[in-house]
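Here the structure is laid out as structure tokens; the discussion comes afterwards.
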Amino acid sequence: MGDIQALRGTRDILPDEVGYWQRVEAVARDILGKAAYREIRTPIFEQTELFERGIGEATDVVGKEMYTFTDRGDRSITLRPEMTAGLVRSLIEHKLYATGNVQRLWCVGPVFRYERPQAGRQRQFHQLDVEVLGSADARADAEVIALATDLLQTLGLKSLTLDLNSVGTPADRQDYRAALIDYFTPYSAELDDDSQNRLTRNPLRILDSKHERTKEIVQAAPSILDYLSSISQQRFEQVQQRLTDLGIAYQVNPRLVRGLDYYTHTAFEIQSADLGAQATVCGGGRYDGLVTELGGPETPAIGWGLGMERLVLLLQKLQPSGGSTVDFYVVSKGDRPEAQALVVTQTLRRLGFAVELDLSSSAFGKQLKRADRSGAAACLILGDTEAENGTVQIKWLASGDQQAIAQTDLPDLANDLRRQVTAAAAAVLA
RNA sequence: GCGAGCGUAGCCAAGUGGUUAAGGCAGUGGAUUGUGAUUCCGCCAUGCGUGGGUUCGAGCCCCAUCGUUCGCCCCA
């Protein structure tokens, strides 16, 4: 083992694993593209102040988890701990809100939080982010949630749960907060230490404590749903109705609270039971106040973030194998054959085949063995005899059938070969 | 930031103070100097995450450190 290793909480995504990532990205690109969402890419670091103002200085993410440093020009810089703030900054800076009534955006990339790593939690991890800015319509909430469930379903994931809540407007929340403090204060001594601290700082967060005694006390705590204004209530009912219209199953969880200050009204999480303590795959909500908070015009918005690592963990459990294979494996030995093999390989690649060329010059037996393990449908063999008369042996590995064909005939035979390759691939699956 | 467990080859591992560190997979060379199953034979850790310590003797015990896993916390 070498001296230098990847930093704590960071990981290499190796070739064997990268297929899962590509698949998620391809499906996301497809689904989001069909829903008229456009990709945006924003910088990985921003002014520290953006996150302090956007996410809230009292939150753990800003308070103790940011990678913040001073650059050579004495600016305070922070590696983004989430995507939304940077995206909103970009929207405002480029006045994207002026070019249309609604902006539908998505992006994917690394985010950074200084936390203790464990399964499903890293210091550098990746999020897929989807946002709709400029609409307060309940259909926007439903659309965005539907995109998340569609994506997960298309990837083949089952037994996920969707929790839904409304955290109302800041005014609703102020009343509720006061009610919670009234309720919890008499129990103050019985609460766990963390919750005692949260009592004054952020009593909403007590609601999802995992501490046993605290959970018992929480049982009878007032529900936020009783503190929503009638407008907020109506809004929440509309969102639920739209989800029902779309056939999306959800459960209302009045104790669902989210860690970032900017959320209003709709809040939701999609969780899996297969991820241990870090169960949330996708989480998000509405943030009607964020754009003005960051200096833009009144712009209601909703979005979510999805943890790529967590999603990939689930996919790996679902389909442990997942190797890309090659159509042809080219084998050769001797100066002239090896030179011709390179040309044949190139020809086949240009015809659209995936081709691996064996570079070893080792015995044909060894090369054939590698051909077998490569998963190729057929092996192309070039020795002195073939080089002499300009042919190549094509051996179909499943059947063992072998025939010689002229190298110059390859383009004409392409369609035929393609048919046989697909047939061979289908046979493997069956 | 707190608590607990774990770290032996590319991978999975046996080994719980006594001399040359099992085994399997993968890799590689050969039996088979032009053909992939199987089989057989050879090779593949002066080294047990790293650094100290205890001991006649340490993969094994102790301390520190790094990494990782599971909780707490937090969240995607």
Side-chain angles (χ1 to χ4, degrees), chain A residues 1-11 14 16 55 59-66 81-84 108-130 148 192-195 197-198 202 205 208-212 214 256-260 268-272 275-285 303-314 329 331-334 337 358 360 362-376 378-387 393-402:
Chain A
M1 208 176 286
D3 286 326
I4 298 182
Q5 40 189 287
L7 280 169
R8 169 155 231 218
T10 68
R11 266 182 75 242
L14 298 173
D16 278 346
I55 301 171
T59 63
D60 281 14
V61 169
V62 171
K64 44 192 193 194
E65 295 175 1
M66 294 205 301
E82 54 97 57
M83 301 270 215
T84 308
V108 64
V111 295
F112 306 84
R113 290 182 201 171
Y114 193 89
E115 294 186 272
R116 182 86 181 258
Q118 64 185 66
R121 189 168 81 187
Q122 297 167 209
R123 290 182 172 178
Q124 173 177 336
F125 62 102
H126 298 77
Q127 280 192 344
L128 173 66
D129 225 59
V130 166
D192 60 283
D193 294 349
D194 284 316
S195 294
N197 287 329
R198 290 188 284 218
N202 192 351
R205 295 223 58 88
D208 62 357
S209 171
K210 286 173 191 166
H211 186 264
E212 275 312 316
T214 303
L256 171 65
V257 286
R258 313 222 68 248
L260 313 183
F268 65 93
E269 277 185 11
I270 298 175
Q271 301 198 331
S272 164
L275 284 173
Q278 312 302 321
T280 301
V281 184
C282 177
W304 48 254
L306 177 146
M308 292 287 284
E309 278 81 0
R310 291 181 186 175
L311 181 51
V312 167
L313 280 173
L314 291 174
Y329 192 95
V331 146
S332 59
K333 190 167 172 59
D358 194 305
S360 71
S362 50
F364 278 108
K366 298 293 175 194
Q367 296 194 52
L368 259 297
K369 189 169 182 168
R370 275 183 224 117
D372 194 36
R373 298 200 174 177
S374 77
C379 180
L380 298 180
I381 304 163
L382 262 138
D384 289 326
T385 319
E386 289 75 22
Q393 297 285 339
I394 180 162
K395 173 164 186 163
W396 297 92
L397 290 163
S399 61
D401 295 345
Q402 179 173 329

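Computed from heavy atoms alone, side chains included, the values below leave out hydrogens, waters and symmetry copies.
With hydrogens and angles ignored, no donor-acceptor pair under 3.5 angstrom links the side chain of Q402(A) to the base of G34(B).
Side-chain contact of T280(A) with R310(A): a donor-acceptor pair under 3.5 Å is absent, judged by distance alone. Side-chain contact of Q124(A) with Q122(A): a donor-acceptor pair under 3.5 Å is absent, judged by distance alone.
Shown here, C43(B) forms a base pair with G27(B); the pair counts as Watson-Crick or G-U wobble because both key distances fall under 3.5 Å. Base pairing of A4(B): its partner is U69(B), meeting the Watson-Crick or G-U wobble criterion (both donor-acceptor distances under 3.5 Å). Pairing for G36(B) is absent, judged as Watson-Crick or G-U wobble with the two contacts each under 3.5 Å. Pairing for C48(B) is absent, judged as Watson-Crick or G-U wobble with the two contacts each under 3.5 Å. Searching all strands for a Watson-Crick or G-U wobble partner of A58(B) with both distances below 3.5 Å returns nothing. Judged by Watson-Crick or G-U wobble contacts below 3.5 Å, the nucleotide A9(B) has no partner. Of the nucleotides present, none pairs with A14(B) by Watson-Crick or G-U wobble criteria with both distances under 3.5 Å.
Between A45(B) and U38(B), the two C1' atoms lie 30 Å apart (nearest whole Å). Here, G10(B) and A4(B) have their P atoms 32 Å apart, quoted to the whole Å. U68(B) and C74(B) are spaced 22 Å apart, taking the P atom of each and rounding to whole Å. Distance noted for atom C1' between G18(B) and C61(B): 15 Å (whole Å). Only the C1' atoms considered, G59(B) is 31 Å distant from C2(B), to the nearest whole Å. Rounded to whole Å, the separation between the P atoms of G49(B) and C60(B) comes to 8 Å. U16(B) sits 12 Å from A58(B) when the C1' atoms are compared, rounded to a whole Å. Separating the P atom of G47(B) from that of U20(B) is a span of 14 Å, rounded to the nearest Å.
Distance CG/L128(A) to CH2/W304(A): 4.5 Å, rounded to 0.5 Å.
No contact: G63(A) has no heavy atom under 4.0 Å from any strand.
Rounded to an integer number of Å, the gap from Q5(A) CD to U65(B) P is 16 Å. A straight line from CG of D384(A) to P of U35(B) spans 14 Å, rounded to a whole angstrom. In this structure, Q393(A) atom CD and G34(B) atom C1' are separated by 10 Å, rounded to whole Å.
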**Asked** How does each nucleotide of nucleotides 36-42 of chain B score, in 5' to 3' order, for protein heavy atoms under 4.0 Å: base (B), sugar-phosphate only (S), or none (-)?
**Response** B------
**Asked** How does each nucleotide of nucleotides 69-76 of chain B score, in 5' to 3' order, for protein heavy atoms under 4.0 Å: base (B), sugar-phosphate only (S), or none (-)?
**Response** SSBBBBBB
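We find that D358(A) and R370(A) are joined by a salt bridge, their nearest charged nitrogen and carboxylate oxygen being less than 4.0 Å apart.
In G47(B) the O4'-C1'-N dihedral to the base is within 90° of 0, which defines a syn nucleotide.
One N or O on the side chain of Q367(A) and one on the backbone of S332(A) form a donor-acceptor pair closer than 3.5 Å. The main-chain N or O of E115(A) is found under 3.5 Å from a side-chain atom of R123(A) such that the two form a donor-acceptor pair.
A 6.0 Å sphere centred on CZ of F364(A) holds more than 12 heavy atoms belonging to other residues, nucleotides or ligands.
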